[in-house]
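Below: the structure, in structure tokens.
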Amino acid sequence: MPSSPASGPDAGLIDLRSDTVTRPDAEMRQAMAGAVVGDDAYGEDPTVRQLEEESAAALGCAAAVFVPSGTMGNQIALHLHGGRGREVICDARSHIIELELGAMAALSGLLPRALVTADGRLGAEAVEAAIAPDVAYRTRTCLIVVENTHNLAGGTVYDRQQLAALVAVARHHRLPIHLDGARIWNAAAALGEPPAALAGGFDSVMFCLSKGLGAPVGSLLCGRRDFIAEARRVRKMFGGGMRQAGVLAAAGLVALRRGPSRLPEDHANAALLARAAAELPGIELDPAAVRTNIVVFRVTPAALGGEISAAALASPADAFLSRLRGLGVLGSAASRDQVRLVTHRDAPRPRIEEAVRCLQRMAVDPAPRGSLPASAGV
Ligand SMILES: Cc1ncc(COP(=O)(O)O)c(C=O)c1O
């Protein structure tokens, strides 16, 4: 199984930038080649329909629509739940704020009401307090968005009680609540619960096939039947209507049916990496907090052997990543001083053990190597 960039200067490195870097395996490619397809704009692609039905059932929803990306799934949901000039309550480091390029404002005229949290998880009380009172001079709240697992906070997982409390707040205030469940399958694996149990009460749920589940492309937006019928219209408006998309859905079906069972392996690999990283001088990380496939840690100057170059000061994370890359491992920056490593199907245990050895060498080999990494997509 490949575990490094296929070509280019980074070929051969252990690629832990994201779980999106996996390439379709033989079973997926075979399914894609043999997919029965039709024009999905006419609702005539049986493989897409099959994927939508199985996805909706897995999430406990009435219907689902296949979309090209998680970003599009989130943005369709925000567009439908929202209203121009209204506020969306979400965590300050959520994907919809940090990594969707202002789409909620650009496409739907929405403003984020960003709540600062310790680990990406919104508390019901804080959300309750952030809901605008119904007075003529306050911007209206239109939606609550929950991200589970939370990407930039290090794959943190909500438990069912926390989710139920948030859903209760939404119901009490008659507000819709959307789940950015790009990695809801990781959350489900970490808790030993079916994903439907974590999606209960939400008005819409987006999950990705293209992350830990290992498909090359695609996400699903799930919800009530009438909501998904409208979502199909907005998907088209946003340019996401696809035609013979069954070739993609076929790989998605393999990912959906087979992908979840191997996620615990990614979680164990992340725990191994986290323990190794936490041993390094100058790294701030509680390995016990790493429960899924994302490891995020803070890099202090001590981790760079006291290097005080302009580059290290500008971004300790990039300086650390540059050295790590010189030792054979690619990661990404979660912020100026936070590094993120993500485990996935194409980095099996022997490669993770190699990555651990590279991390251990960071402690004894503080000399800068390689060039600063190009910023990686997250
Ligand atoms: C939490 C979360 N939501 C949404 C997305 C967006 O998915 P995509 O990259 O398919 O647009 C990501 C991607 O990493 C994510 O981590």
Side-chain angles (χ1 to χ4, degrees), residues 15-22 24 55 59 65-79 88 90-104 106-107 112 114 117 119-122 143-158 163 178-188 190 195 198-199 202 204-222 235 238-240 242 245 248-249 251-252 255-256 259 263 266 270 291-296 331-335 338 340-344 375-378:
D15 193 350
L16 303 180
R17 287 171 301 167
S18 177
D19 47 9
T20 58
V21 302
T22 56
S55 298
L59 271 295
V65 58
F66 185 43
V67 289
S69 70
T71 299
M72 184 175 282
N74 277 340
Q75 292 303 325
I76 292 171
L78 266 62
H79 189 82
V88 176
C90 54
D91 166 67
R93 301 210 62 209
S94 54
H95 197 276
I96 57 168
I97 293 187
E98 294 259 8
L99 295 162
E100 297 190 11
L101 295 98
M104 75 165 85
L107 301 178
T117 62
D119 61 5
R121 294 181 296 180
L122 296 168
L143 175 66
I144 300 164
V145 176
V146 172
E147 185 174 316
N148 192 19
T149 69
H150 196 290
N151 179 345
L152 293 177
T156 45
V157 182
Y158 285 84
L163 294 172
H178 170 70
L179 178 58
D180 177 348
R183 295 183 181 80
I184 194 66
W185 291 91
N186 294 87
L198 308 180
F202 282 84
S204 52
V205 185
M206 184 282 291
F207 79 88
C208 294
L209 298 164
S210 57
K211 308 227 158 38
L213 301 186
V217 178
S219 297
L220 278 300
L221 178 62
C222 311
R235 177 184 65 170
F238 285 176
M242 296 178 282
L248 299 176
L256 185 67
L263 293 177
D266 290 350
R291 296 180 65 197
T292 60
N293 68 328
I294 302 181
V295 183
V296 171
S332 62
S335 72
Q338 284 178 308
R340 193 189 71 157
L341 303 175
V342 186
T343 56
H344 53 79
S375 342
V378 289

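The model shown is predicted, which means the values in this text are computed figures rather than measured ones. In listed order, ligands and their atoms are each counted from 1.
- Atoms of ligand 1 found under 4.0 Å from any heavy atom of E100, numbered from 1 in the order shown, are 4 (C).
- Screening N148, I144, N74, V145 against L179 for a side chain to side chain contact (heavy atoms under 4.5 Å, CB included) leaves a single residue, N148.
- Under 4.0 Å from ligand 1, not a single heavy atom of L99 appears.
- For ligand 1, the atoms lying closer than 4.0 Å to a non-hydrogen atom of R183 are 14 (O), 15 (C), 16 (O).
- Taking every non-hydrogen atom of T71 and a distance limit under 4.0 Å, the qualifying atoms of ligand 1 come out as 6 (C), 7 (O), 8 (P), 11 (O).
- R235 places no side-chain N or O within 3.5 Å of a backbone atom of P68 that could act as its donor or acceptor partner.
- Looking at E147, its side chain never comes within 3.5 Å of a backbone N or O of G120 through a donor-acceptor pair.
- Between L152 and S335, the closest side-chain pair of non-hydrogen atoms is not below 4.5 Å.
- Using a 4.0 Å cut-off between heavy atoms, A182 contacts ligand 1 through its side chain alone, with no backbone atom that close.
- Backbone and side-chain nitrogen or oxygen atoms of E147 are examined, and none is located within less than 3.5 angstrom of a nitrogen or oxygen of ligand 1.
- The distance criterion of under 3.5 Å between nitrogen or oxygen atoms is met by D180 with respect to ligand 1.
- For Y158, the ring pair (Phe, Tyr, Trp, His ring centres under 6.0 Å) test picks out no residue, with sequence neighbours left out.
- Short contacts between ligand 1 and G70, defined as distances under 4.0 Å to a heavy atom of the residue, involve ligand atoms 6 (C), 7 (O), 8 (P), 10 (O), 11 (O).
- Of all atoms in ligand 1, listed by their number and element, those nearer than 4.0 Å to a heavy atom of N74 are 3 (N), 4 (C).
- With values rounded to the nearest 0.5 angstrom, M104 atom CE is found 4.0 Å from I96 atom CD1.
- Residues passing the side-chain contact (heavy atoms from CB on, under 4.5 Å) test with L256 are L51, E54, S55, W185, F207, L209, sequence neighbours excluded.
- The pair R93-D91 does not meet the salt-bridge criterion, since no charged nitrogen lies less than 4.0 angstrom from a carboxylate oxygen.
- Contact annotation for M72 and ligand 1: no heavy atom of the residue comes within less than 4.0 Å of the ligand.
- Below 4.0 Å from some heavy atom of S69 lie the following atoms of ligand 1, by number and element: 10 (O), 11 (O).
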